Every structure is written in structure tokens, then in C-alpha cells.
There are 2 protein chains.
Amino acid sequence: MKKEKSESILETAGRMFARYGLKKTSIDEIAQLARVAKATIYNYFGSKDRVYLEVLKREVNEIIDRISVSVVREKLTEKKLAAYVKARFKYMGSALNILNLEREGCEKKPPEAGIIRNELFEREVQLIRSILNEGMENGLFYLNDVHLAARAISHAFRGFDQEGMFQEHTEKIDNYLGELIRIIFSGLRAR
Amino acid sequence: MKKEKSESILETAGRMFARYGLKKTSIDEIAQLARVAKATIYNYFGSKDRVYLEVLKREVNEIIDRISVSVVREKLTEKKLAAYVKARFKYMGSALNILNLEREGCEKKPPEAGIIRNELFEREVQLIRSILNEGMENGLFYLNDVHLAARAISHAFRGFDQEGMFQEHTEKIDNYLGELIRIIFSGLRAR
DNA sequence: TTTTATACTAAAAAATAATTTTAGTATAGA
DNA sequence: TCTATACTAAAATTATTTTTTAGTATAAAA
């Protein structure tokens with residue numbers, strides 16, 4: 001009961017933020033479309049900003065979860081990193097709120113939004129780090145500083161998030177990402 | 001004579017665009033500060049947008065030139081890539097117009113601005129490609145597809161351009177970049 | 001208790017109108 | 001070739017009014 005209400009609120013809020021942006025979506029509209037009284041929204045979340053942040057948080061969690069699933073599905077460590085990259089690009093690209101709003105938006109968002117965005121990055125680092133650690137444990141990888149490497153690699157992958165990227169031909173990007181993975185695995189050095 | 005005029009115009013225009021943005025800089029002000037008649041600016045450049053694009057173009061050339069110098073200065077191919085990354089971060093970070101305007105700006109810029117930005121990227125790719133080719137020729141590197149690799153690596157470096165990056169402690173970023181270079185050279189794989 | 005429907009207010013946004021700046025042109029003279 | 005000046009139509013800015021909206025309160029219903 002209780003869960004269904006807040007679920008419904010966040011769901012419709014998410015859809016509307018994605019479509020019309022934060023500012024152009026009113027609490028009254030959300031209440032109407034979610035078939036909930038306005039007061040209920042304030043009972044649950046207290047303010048419009050907190051509704052937005054909750055939506056954002058859930059989206060971040062969903063992205064990370066989906067990427068994690070794609071990674072864990074692979075048995076071989078060497079395939080996990082490739083799976084990570086592929087899933088990352090796929091789910092980041094279709095993430096409605098964070099990207100369509102955060103990227104496009106010259107909108108004023110609550111300051112906590114930046115914190116949540118950073119959380120996403122940190123969790124990406126965490127995921128990569130776990131892959132690298134696994135590789136270290138089974139002797140596949142060798143690294144002096146796993147944490148540093150994880151951060152460096154995370155930053156590198158962000159280079160593919162840029163504006164123009166997501167509408168470019170997916171095939172091309174797959175090529176770039178594939179090549180980057182290959183380089184990250186084997187390096188440039190001739191053996 | 002002729003050169004000095006247009007030089008002076010572009011120089012002051014560049015400074016003002018960087019400080020106040022494209023929209024908040026007027027041609028009249030530029031003329032005044034450059035000690036040039038307004039009509040002269042229109043004689044040389046024809047429109048405000050073209051003044052801006054010229055400024056942008058020169059800035060792109062300057063960035064690439066400076067990075068190139070830093071790269072060419074190194075004798076060893078293996079040091080060239082590291083020099084590239086270091087110089088790239090240094091000069092991109094302090095690039096007045098493209099970055100301070102392009103990054104910050106929710107300003108409407110003429111569509112050609114995007115083309116020039118792409119040119120910068122293509123020239124970065126070109127530079128990296130020349131380094132990789134050199135490495136291939138002297139047997140240091142091995143790659144199936146140099147061009148693809150150059151593009152992939154270029155994208156990866158862009159991951160460090162992000163908003164928050166340039167005010168973070170330079171030391172940290174140097175660490176990340178250094179680690180990334182190490183990985184790109186040697187790969188993750190244990191030998 | 002929890003939710004709803006309604007009514008309300010202060011603040012923000014949107015719309016409108018009045019005013020000022022500014023891009024771009026023309027011209028006459030140095 | 002460049003300057004100084006004057007000009008205009010369009011855009012930007014400002015000031016003002018109107019509408020919308022976030023957030024609260026309340027009383028009744030579930």
C-alpha cells in the first residue's frame with residue numbers, strides 16, 4: 001500500500017522530469033498523473049527537490065545495478081571489463097533523467113544533484129576496482145596501485161560520454177571502445 | 001599595417017570574449033579598445049560571428065601548436081605520448097575562449113563553432129596517430145589499426161576534460177594521467 | 001492513521017509593454 | 001584604406017502586471 005504510492009509518485013515524476021525538465025514539471029501535475037493527492041507527495045518527500053533527488057538516486061542505482069548484472073554474468077575476468085564498457089555505454093545512453101536533464105540542462109538543479117552524480121562515478125570506480133582486484137588475484141593482471149588504476153580507467157571511459165557521442169553510429173563507438181579495451185588489456189608495447 | 005590592425009582586433013576580441021562571453025561583448029567595445037573604427041572590423045571580418053570564429057580558430061591552432069612543440073621536443077617515442085598528455089591538459093586547461101566560453105557557456109554560439117571544435121579533436125587524433133606510427137616504425141609499438149587506436153585513445157583522454165577536473169588538485173590528475181599512460185603502454189596483463 | 005480534496009499565500013515564473021543596446025550599413029572626409 | 005559619425009531595424013534589457021506554482025493548513029473520508 002504505502003510502497004505503491006511512493007512508487008507511483010516517483011515513477012511518474014521520473015517520466016515527467018525526463019520529458020519536460022525539472023522546472024517545467026509541477027507537483028500538481030505529478031499528483032494528478034500519479035492519482036495521488038498533492039499533500040501525499042509532501043508527506044512522503046517533503047519538497048519538490050527531494051522528489052527529484054529521489055528519482056535521481058533511483059536512476060543511479062538502476063544504472064549501476066544493470067551494469068553490475070552485465071559484468072557478473074561473465075565468468076572470465078577478461079570478459080568482465082569488456083562487458084562493463086559495453087553495458088556502461090548502453091545504459092548511460094538510455095538513462096533518461098541524469099543524462100537528458102543533466103547534460104542538456106542549463107537548468108538550476110539542487111546542489112545535492114552533483115553529489116549524487118559523483119556517487120555514480122565512485123560506484124563505477126568501485127566496480128572497475130573489483131574487476132581489477134579479481135584479475136590480480138587470479139594472476140591475470142599486474143598493477144602497482146589498483147585503486148589509482150581504477151580511477152584512471154574510469155575517467156578514460158567518461159571520454160565517450162560527450163555530447164555528440166550518443167547519436168553517432170553505435171557501430172563506430174563499439175569499434176573505439178573495443179580498441180580501447182584491447183589497448184588497456186595488452187598495451188601498446190610490442191612483445 | 002594591414003596585419004597589425006586585424007591582429008589587434010582579434011587579440012582584444014579574444015580577451016573580451018574570454019572575459020565577458022560572446023553576447024556581452026559588443027563590436028563597438030572591441031573597436032574602441034582595439035583603437036580601430038567599427039567599419040574596419042566589418043571590412044576585415046564581415047560580421048561579429050566571423051570575428052568570433054576567427055578567434056576560435058586561432059586559439060585551436062595555438063593549442064595544437066603548443067602541444068606539438070611539447071611532443072616534438074621529446075626524442076624517445078615512449079616519452080612523446082606522456083608529453084602529449086601533459087601538454088594537452090596544461091594547454092586545454094588554460095585555453096581562454098574555447099573552454100571558458102564553450103564549457104561554461106549556455107550561450108548560443110554560431111554553428112560553425114562546433115565544426116572548429118571537431119577540427120581540434122581531429123588534429124589531436126592526427127597528433128596521436130603520428131606518435132603511434134613512429135612507435136610502429138621503430139618497433140616499439142604493435143597495433144592492428146593505428147587510426148582506430150588513435151581515435152580510441154583521443155576519446156579516452158577527453159574523459160579528463162570534465163567540468164570539475166580543472167580545479168581539482170593538479171597533482172591528483174597527474175597521478176591519474178600517469179597511471180593511464182602506464183596502462184596504455186604496458187596493459188593490464190601480467191607478463 | 002493515512003489519504004484526499006480544497007483553499008490559501010508568498011514567491012517565483014510567464015507574459016506584456018516600455019526602453020535601451022547593439023549588429024550591421026551608409027556616407028563623407030582624412 | 002581607414003576613421004568618424006549617423007542611422008535603422010532587430011535584439012536585449014528593464015520595469016510592470018498577470019499567472020502559475022511550491023508549500024501549508026484543514027476538514028472530511030478511507
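Throughout, protein chains are lettered first and strands after them, A, B, ... in sequence-line order, and every chain is numbered starting at 1. Note that the structure is a prediction, hence the values are computed from the model and not measured. For the numbers below, each heavy atom of this structure counts, side chains included, while hydrogens, waters and symmetry mates do not.
- Below 30°, between 30° and 60°, or above 60°: for Phe185(A) and Phe141(A) the angle between ring planes is between 30° and 60°, a tilted geometry.
- For the pair Ile41(A) CD1 and dT6(C) P, the computed distance is 16 Å after rounding to whole Å.
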Give every pair of a protein N or O atom and an N or O atom of nucleotides 22-30 of chain D that lie under 3.5 Å apart, one pair per line with the distance.
unit_1  : atom_1 : unit_2   : atom_2 : d
dA22(D) : OP1    : Lys48(A) : NZ     : 2.9
dA22(D) : OP2    : Ile27(A) : N      : 2.9
dA22(D) : N7     : Lys38(A) : NZ     : 3.4
dG23(D) : OP2    : Tyr42(A) : OH     : 3.3
dG23(D) : OP2    : Lys48(A) : N      : 2.7
dG23(D) : N7     : Lys38(A) : NZ     : 2.9
dG23(D) : O6     : Lys38(A) : NZ     : 2.7

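- One interatomic measurement links the two molecules: CD of Gln32(B) to P of dC2(D), which rounds to 19 Å at whole-angstrom precision.
- Side-chain contact, Glu124(B) with Tyr84(B): a donor N or O sits under 3.5 Å from an acceptor N or O.
- Between dC2(D), dA5(C), dA14(C), one nucleotide has an atom nearer to the side chain of Lys24(A) than all others, and that is dA14(C).
- Defined by atom type and a distance below 3.5 Å, a donor-acceptor pair is present between the side-chain atoms of Glu29(A) and Ser26(A).
- Proximity of Thr40(A) to the phosphate of dT3(C): no side-chain N or O atom is located under 4.0 Å from OP1 or OP2.
- To the nearest 0.5 Å, atom OH of residue Tyr42(B) and atom OG of residue Ser47(B) are 7.5 Å apart.
- If you check every strand for non-hydrogen atoms under 4.0 Å, Asn43(A) touches a base.
- Nucleotide dT2(C) holds its P atom 14 Å from the CD1 atom of Ile9(A), rounded to whole Å.
- One finds the CG atom of Leu140(A) at 12.0 Å from the CD1 atom of Ile131(A) (value rounded to the nearest 0.5 Å).
- Judged by distance alone, the side chains of Asn61(A) and Arg123(A) do bring a donor and an acceptor atom under 3.5 Å apart.
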